[in-house]
Protein chains: 2
Amino acid sequence: MKKKPATIKEIARRLKISPSTVSRALNDHPSIGLVTTMRVKKVAEELNYEPNQTAIFFKQRRTFTIGVILPSLSEPFFSSAISEIEKVAGEHDYTVLMGQSHDDAARELKILQTFKKHRVDGILMSLGKNTEDLSFVEMLNDAEIPIVFFDCVPKIEGVNKVYSDLATGMREAIQAFASIGHQNIALINGPANLLASQERAAAYKNGLESERLVYNERYVIHTDLTEQGNVEAIDKLLTLPQRPSAIVSFNDFVTLDVIKYVRQKGLVQKKDVFFISYANYPLWKYMENPPMGSIEQYPDQQARKAAEILFNRIGSDDQVEPETVVFESKLVLK
Amino acid sequence: MKKKPATIKEIARRLKISPSTVSRALNDHPSIGLVTTMRVKKVAEELNYEPNQTAIFFKQRRTFTIGVILPSLSEPFFSSAISEIEKVAGEHDYTVLMGQSHDDAARELKILQTFKKHRVDGILMSLGKNTEDLSFVEMLNDAEIPIVFFDCVPKIEGVNKVYSDLATGMREAIQAFASIGHQNIALINGPANLLASQERAAAYKNGLESERLVYNERYVIHTDLTEQGNVEAIDKLLTLPQRPSAIVSFNDFVTLDVIKYVRQKGLVQKKDVFFISYANYPLWKYMENPPMGSIEQYPDQQARKAAEILFNRIGSDDQVEPETVVFESKLVLK
DNA sequence: TTGTAGGCGTTATCAG
DNA sequence: CTGATAACGCCTACAA
């Protein structure tokens with residue numbers, strides 16, 4: 001147990017006045033005389049007084065803290081996102097409690113419990129890739145802790161979510177490929193159970209249609225997003241009788257593995273095979289042979305919007321209808 | 001203000017027993033009868049009772065929260081570090097409050113203040129590149145909030161610090177260069193005021209000496225670590241009458257810019273010019289032409305050690321002597 | 001084995 | 001303008 005710092009009572013004792021007066025003086029309450037206020041502030045200064053926030057949190061039933069749960073900060077997408085969240089939180093005088101799920105649903109739940117214990121005023125969350133059980137949403141509802149999902153959001157209705165519409169970027173990607181003559185465009189997709197994968201799949205199909213290209217289901221491969229999975233995926237595509245000449249992949253990490261493998265196989269990028277993926281990570285600008293393009297998903301805009309929605313809810317205690325905000329994704333050519 | 005969840009009092013009322021009994025029952029106090037305990041727990045369950053941590057924090061003068069301040073999560077070094085910190089914190093049932101300084105001393109201070117307000121039990125910190133004023137250390141001391149620095153640590157004595165000895169890696173780098181015949185080895189260093197730069201400079205000099213190579217001060221260039229600064233630095237080296245054939249640079253980010261520039265100039269890496277830098281970021285494995293090597297600084301080990309020291313201090317209230325732990329850095333060839 | 005009372009630091013209400 | 005009192009939820013010595 002720690003030594004106790006100066007309190008309002010202590011100041012009151014020294015000045016031989018009541019704690020309530022001190023409290024009011026410190027808060028510049030209009031009804032307190034100027035002299036008293038000054039004297040109080042002077043002593044407070046001397047004693048290095050600092051209000052005990054834990055007491056205030058306790059009394060006010062508010063912690064001025066939000067919790068942020070995301071899969072992994074090693075993904076540039078999320079480190080951008082959290083920077084923006086921190087910024088918005090700061091603007092509202094809030095602090096950020098952080099937790100990485102590493103795509104582990106159990107960890108996710110544990111972090112949520114901890115946040116709840118710590119009585120955070122709200123939660124921002126991007127789901128892990130394996131999260132199936134969404135019952136925690138109800139639990140948070142019961143506890144009246146608002147939550148806003150972003151990027152990787154649940155399929156269910158009735159929750160706040162902010163995400164990017166993967167279809168716009170996909171359409172642009174396929175257009176870009178088609179416009180330079182590609183007919184055989186493949187998709188290396190993520191795990192089939194992911195909403196993000198399903199959306200990519202649908203958008204891919206639509207994209208081909210609008211370009212009047214045939215959909216060939218052998219051109220859609222799934223990877224579990226591990227390096228090995230990625231390599232197996234590209235290998236499958238390369239060994240098809242009719243090899244695709246252009247490939248959209250789940251994200252830039254996949255493309256990194258894939259490009260490396262293709263290079264090892266002696267194929268030349270942007271000649272033998274063309275790539276576009278999601279995420280638009282900054283590292284491409286350093287690569288000697290970057291992919292043809294990458295689809296920007298605007299992590300900071302998503303994060304900011306999500307945070308703003310959250311603070312909106314924290315501010316107004318009456319139930320507001322859940323919000324859904326969708327950003328367009330956008331192809332960026334390299 | 002929020003609706004109040006179930007409290008101990010509420011349970012007591014329902015059971016017509018006293019709150020203290022409920023409290024004890026919930027904490028498995030031995031003096032409470034088994035039946036009572038069960039009945040209490042049952043009702044607690046029904047009411048979805050959850051202890052109000054803010055009350056407990058308040059009473060115990062402990063928040064089970066540590067604050068972590070680091071320059072930027074977009075650097076892989078720090079995102080590794082924070083993952084490890086989170087892990088250690090979890091092992092101690094602690095939660096992590098997060099703040100990025102973005103190398104801005106004012107922001108750093110503001111985050112520190114916030115952490116202090118929130119009454120964190122301890123702080124882990126890696127200094128920003130421009131932090132000169134270290135008076136906050138004393139302030140934290142007065143507030144009895146232990147702090148452990150890691151990676152970018154202050155030069156002063158009497159604080160806990162964990163960092164990596166840059167000299168070992170530098171020696172290996174210069175040896176590696178010398179062993180394949182390089183005589184003209186340059187250093188692209190960071191800002192001169194940085195401890196990290198000074199150490200690199202000293203180690204560079206020593207390294208040359210042990211290899212009996214001459215030290216040429218024109219081979220030491222400083223960059224402010226912006227892209228432009230990095231490009232200017234390499235340009236200066238390339239336009240020297242006697243161009244260096246090998247270059248150690250401040251970190252991998254610098255090397256990325258530099259390699260790109262060199263490539264634009266038509267020079268070939270690992271032929272016209274060889275590179276080694278600090279950090280050993282994972283991205284090299286994807287590059288077509290990675291640098292010759294990178295010096296690993298073990299962010300996770302540093303972070304873990306720092307966190308362990310911190311929790312040690314948090315555990316024991318008596319003053320322990322400040323600790324300093326140094327890890328060796330190590331060259332990893334690509 | 002259980003209950004009572006007091007306190008952690010702050011603030012809001014009511015009374016002077 | 002200022003003071004006394006109670007209350008936030010929990011814990012714990014002390015009393016019964």
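The chains referred to below are lettered A, B, ... by the order of the sequence lines, with proteins before strands, and numbering in each begins at 1.
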Distance in angstrom units between [X] [atom1] and [N] [atom2], rounded:
X	N	atom1	atom2	value
B:I56	D:dT12	CD1	C1'	14 Å
B:R24	C:dG3	CZ	P	8 Å
A:K9	C:dC8	NZ	C1'	7 Å
A:I32	D:dG3	CD1	C1'	10 Å
B:I8	C:dC8	CD1	P	19 Å
B:K16	C:dT2	NZ	C1'	17 Å
B:D28	C:dT2	CG	P	14 Å
B:Q60	D:dG9	CD	P	17 Å

TODO: Let me know, please, whether B:S20 or B:F58 comes out on the 5' side of the other along DNA chain D by nearest nucleotide.
DONE: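 Closer to the 5' end of DNA chain D: B:F58.
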
Open item on the list: Tell me whether A:R62 forms a cation-pi arrangement with A:F64, defined as NZ or CZ under 6.0 Å from the six-membered ring centre and within 45 degrees of its axis.
Closed with: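 Judged by the rule, A:R62 and A:F64 form a cation-pi pair.
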
TODO: Specify the residue among B:A55 and B:G33 whose closest nucleotide of DNA chain C lies further upstream toward the 5′ end.
DONE: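 The residue mapped nearer the 5' terminus is B:G33.
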
TODO: Identify, between B:L34 and A:N27, the residue whose nearest nucleotide on DNA chain C lies closer to the 5' end.
DONE: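 Its nucleotide being nearer the 5' end, the pick is B:L34.
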
TODO: Report yes or no: do B:Q297 and B:Q302 form a side-chain donor-acceptor pair below 3.5 Å?
DONE: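 The answer is no; no qualifying pair exists.
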
- [ ] For the pair B:E45 and B:K42, find out whether any cationic side-chain nitrogen is under 4.0 Å from an anionic carboxylate oxygen.
- [x]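 Judged by the 4.0 Å cut-off on N to carboxylate O distance, B:E45 and B:K42 do not form a salt bridge.
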
TODO: Give a yes/no on whether any side-chain N or O of B:N52 is located under 4.0 angstrom from OP1 or OP2 of D:dC8.
DONE: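 Answer no for this pair, as no side-chain N or O of B:N52 is under 4.0 Å from OP1 or OP2.
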
Task: N or O in side chain of B:S18 less than 4.0 angstrom from C:dT2 OP1/OP2 - done: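 B:S18 to C:dT2 OP1/OP2: no side-chain N or O under 4.0 Å.
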
Does [X] reach a base, just sugar-phosphate, or nothing at all? Heavy atoms under 4.0 Å.
X	result
A:T36	sugar-phosphate
A:F57	nothing
B:P51	sugar-phosphate

Open item on the list: Please report whether the ring centroid of A:Y298 lies less than 6.0 Å from that of A:F327.
Closed with: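 No, the ring of A:F327 stays outside the 6.0 Å limit from the ring of A:Y298, centre to centre.
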
TODO: For the residue pair A:F150 and A:F78, categorise the inter-ring angle as parallel (less than 30°), tilted (30 to 60°) or perpendicular (more than 60°).
DONE: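 Answer is perpendicular, since the angle exceeds 60°.
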
Task: Shortest side-chain distance from B:T7, nucleotide among D:dG9, C:dG3, C:dG9 - done: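 The answer is D:dG9.
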
- [ ] Choose from C:dC8, D:dG3, C:dG3 the nucleotide whose nearest atom is closest to any side-chain atom of B:K59.
- [x]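 The answer is C:dC8.
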
